[in-house]
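Lettering of chains follows the sequences in order, A, B, ..., and the numbering in each one begins at 1.
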Number of protein chains: 2
Amino acid sequence: MDAEVIKRSLQSSGLRCTAPRYAMMAFLTDHKGHPTAAEIFKAVNRVDPRSSRATTYNNLRDLVKAGLVREVAVEGRAGRFDLEGMRHHHFVCDRCGNVEDVDWYDVPQPASHSLGKRVVRECQLIFRGLCAKCAQRAPR
Amino acid sequence: MDAEVIKRSLQSSGLRCTAPRYAMMAFLTDHKGHPTAAEIFKAVNRVDPRSSRATTYNNLRDLVKAGLVREVAVEGRAGRFDLEGMRHHHFVCDRCGNVEDVDWYDVPQPASHSLGKRVVRECQLIFRGLCAKCAQRAPR
DNA sequence: CCCTATATTAGATATAATCTAAATCATTCA
DNA sequence: TGAATGATTTAGATTATATCTAATATAGGG
């Protein structure tokens with residue numbers, strides 16, 4: 001995702017293209033991991049060392065609300081984020097806590113009677129277990 | 001789940017049956033919501049007002065490790081827990097943040113080539129959208 | 001080039017979770 | 001039953017994470 005694309009996707013969501021927002025989107029584009037807010041804050045600070053923590057959190061909320069960024073539903077201490085681009089599921093390692101992507105595939109919707117009047121916007125699938133590296137090490 | 005069952009399920013996991021642990025299990029049995037650690041702490045404190053926050057967190061970790069309790073994968077600020085008993089999926093309301101249960105149904109596993117050497121222990125499905133109550137109120 | 005709503009800032013504050021080391025208790029085994 | 005012992009609990013401090021505030025700055029439209 002290059003400069004123009006980032007700018008346009010921000011603006012088409014009604015968000016101004018500011019330096020911190022741009023830096024966040026660029027960082028998320030380049031880092032396919034699932035950075036925490038703190039990591040994103042640090043990255044934005046490398047670009048502009050005067051950036052504020054509050055801005056990072058504000059923008060994360062705005063970007064999530066705009067549908068450009070997604071907060072990954074993991075239970076760890078700190079929120080983790082990724083670009084809402086190519087769809088994928090997530091795998092969280094029981095031992096090392098790493099969050100990895102798993103190729104996307106369709107998940108069947110629940111039966112309509114068990115949903116009732118709820119309106120589903122999205123669905124996330126989270127696998128848990130041992131990542132490749134931890135699975136090969138001797139059991140604790 | 002009555003007293004004896006709780007006691008035995010703790011012991012068969014190698015955990016002593018202590019007052020705080022018992023109170024936590026009993027509370028989770030009675031409260032099918034998805035209480036936060038703070039709510040569980042408060043509940044345990046109603047039983048024994050001298051209980052410590054640290055104990056609550058220690059025990060939650062132990063109970064999760066033992067497979068008796070599950071931490072729900074929601075992205076909110078505070079961790080949420082429920083009994084690992086009847087399986088179910090989760091629905092999180094975009095607007096009010098409530099976490100609700102959705103009837104269990106089998107979710108297909110990912111293709112083995114996209115899992116690689118990872119070992120899957122469990123899988124959680126989280127739906128997001130508007131709960132019945134919020135869906136019926138006028139759009140924000 | 002202005003104007004103005006939107007966004008950013010530093011720092012204080014709130015909330016959530018963990019750590020420490022001493023005291024206590026549940027279970028085992030004689 | 002009565003120690004012995006290792007697991008567990010405790011209060012309170014500490015760390016980590018997130019949000020709030022009100023003053024300042026800036027993007028983008030006219």
Side-chain angles (χ1 to χ4, degrees), chain A residues 3-4 6-25 34-66 68-69 71-81 97 99, chain B residues 3-4 6-25 34-66 68-69 71-81 97 99:
Chain A
E4 260 315 303
I6 292 179
K7 186 170 181 188
R8 265 187 283 119
S9 58
L10 285 170
Q11 293 186 325
S12 69
S13 302
L15 297 171
R16 290 183 181 171
C17 180
T18 64
R21 276 180 192 152
Y22 181 87
M24 290 171 69
M25 292 294 285
H34 301 79
T36 62
E39 286 161 353
I40 296 169
F41 169 63
K42 231 164 62 182
V44 172
N45 247 263
R46 275 198 291 277
V47 176
D48 174 0
R50 302 180 339 97
S51 169
S52 155
R53 209 182 338 285
T55 300
T56 302
Y57 285 104
N58 287 343
N59 282 335
L60 281 171
R61 190 181 52 237
D62 294 345
L63 293 172
V64 167
K65 206 184 300 175
L68 297 175
V69 165
E71 180 164 3
V72 182
V74 292
E75 4 59 319
R77 189 83 175 272
R80 290 178 171 275
F81 300 84
V99 181
Chain B
E4 260 315 303
I6 291 179
K7 184 170 181 191
R8 266 187 283 118
S9 59
L10 284 170
Q11 293 186 324
S12 69
S13 303
L15 297 171
R16 289 183 181 172
C17 181
T18 64
R21 276 181 192 152
Y22 181 87
M24 290 171 71
M25 291 295 285
H34 301 78
T36 61
E39 285 161 354
I40 296 170
F41 170 64
K42 231 164 60 184
V44 172
N45 246 263
R46 276 197 292 276
V47 177
D48 174 2
R50 303 179 340 97
S51 169
S52 154
R53 208 182 342 283
T55 299
T56 303
Y57 285 104
N58 287 342
N59 283 336
L60 281 172
R61 190 182 51 236
D62 294 345
L63 293 172
V64 167
K65 207 184 298 174
L68 298 174
V69 166
E71 179 164 4
V72 182
V74 292
E75 5 55 323
R77 188 85 174 274
R80 288 178 173 277
F81 300 84
V99 181

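- Using a 4.0 Å cut-off, some side-chain N or O of A:Thr18 falls inside it from OP1 or OP2 of C:dT8.
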Go through the steps to decide whether A:Met25 and A:Val69 satisfy the test side chain to side chain contact (heavy atoms under 4.5 Å, CB included), and finish with yes or no.
CA-CA 8 Å; A:Met25 292 294 285; A:Val69 165; 4.1 Å; yes
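- Heavy atoms of A:Ser51 sit under 4.0 angstrom from primed sugar atoms or phosphate atoms, though from no base atom.
- Side-chain N/O atoms of A:Asn59 include one lying less than 4.0 angstrom from OP1 or OP2 on C:dT8.
- Whole-Å rounding puts the B:Tyr22 OH to C:dC25 P distance at 19 Å.
- Within 4.0 Å of B:Thr55, counting heavy atoms only, lies at least one base atom of the nucleic acid.
- For the pair B:Leu60 CG and D:dT9 C1', the interatomic distance rounds to 15 Å; values are reported in whole Å.
- Atom pair B:Phe41:CZ and D:dG12:C1' shows a separation of 12 Å (rounding to whole Å applied).
- For C:dA17, one of the phosphate oxygens OP1 or OP2 lies less than 4.0 angstrom from a side-chain nitrogen or oxygen of B:Tyr57.
- Across the protein-nucleic acid pair, B:Arg8 atom CZ and C:dT27 atom C1' stand 18 Å apart, rounded to whole Å.
- For B:Gln11, a side-chain nitrogen or oxygen approaches OP1 or OP2 of C:dT27 to under 4.0 Å.
- Which of D:dT9, C:dA17, D:dG28 sits closest to the side chain of B:Ala78 comes down to C:dA17.
- Closest approach of A:Arg21 and A:Arg16 over heavy atoms only: NH1-O, 3.0 Å.
- Straight-line distance from the CD atom of A:Glu39 to the P atom of D:dA18: 11 Å, rounded to whole Å.
- Among the heavy atoms of the strands lying under 4.0 Å from A:Ala54 is at least one base atom, whether or not backbone atoms are also near.
- For D:dA11, neither phosphate oxygen OP1 nor OP2 lies less than 4.0 angstrom from any side-chain nitrogen or oxygen of B:Ser52.
- Side chain of B:Glu39 to backbone of B:Thr36: a donor-acceptor contact under 3.5 angstrom is found.
- Spacing between atom CZ of B:Arg53 and atom P of D:dA11 amounts to 10 Å, rounded to whole angstrom units.
- Distance alone, capped at 3.5 Å, is enough to place a donor-acceptor pair between the B:Arg80 side chain and the B:His34 backbone.
- Side-chain atoms of B:Arg16 stay outside donor-acceptor range of the base of D:dT8, with no qualifying N/O pair under 3.5 Å.
- The two residues B:Leu15 and B:Ala66 come nearest to each other via the heavy atoms CD1-CB, 4.0 Å.
- Between A:Lys7 atom NZ and D:dA27 atom P the separation is 10 Å, expressed in whole Å.
- Of all heavy-atom pairs spanning B:Phe41 and B:Arg53, the tightest one is CE1-N, 3.3 Å.
- Both B:Arg50 and B:Arg21 lie near DNA chain D, and the one whose nearest nucleotide falls closer to the 5' end is B:Arg21.
- Atom C1' of nucleotide D:dT8 and atom NZ of B:Lys65 are separated by 14 Å, given to the nearest angstrom.
- Residue-level contact check: A:Asp48 touches the backbone only, with heavy atoms under 4.0 Å from sugar-phosphate atoms and none from bases.
- Along DNA chain C, the nucleotide nearest to A:Pro20 and the one nearest to B:Leu15 differ in position, and the one closer to the 5' end is contacted by A:Pro20.
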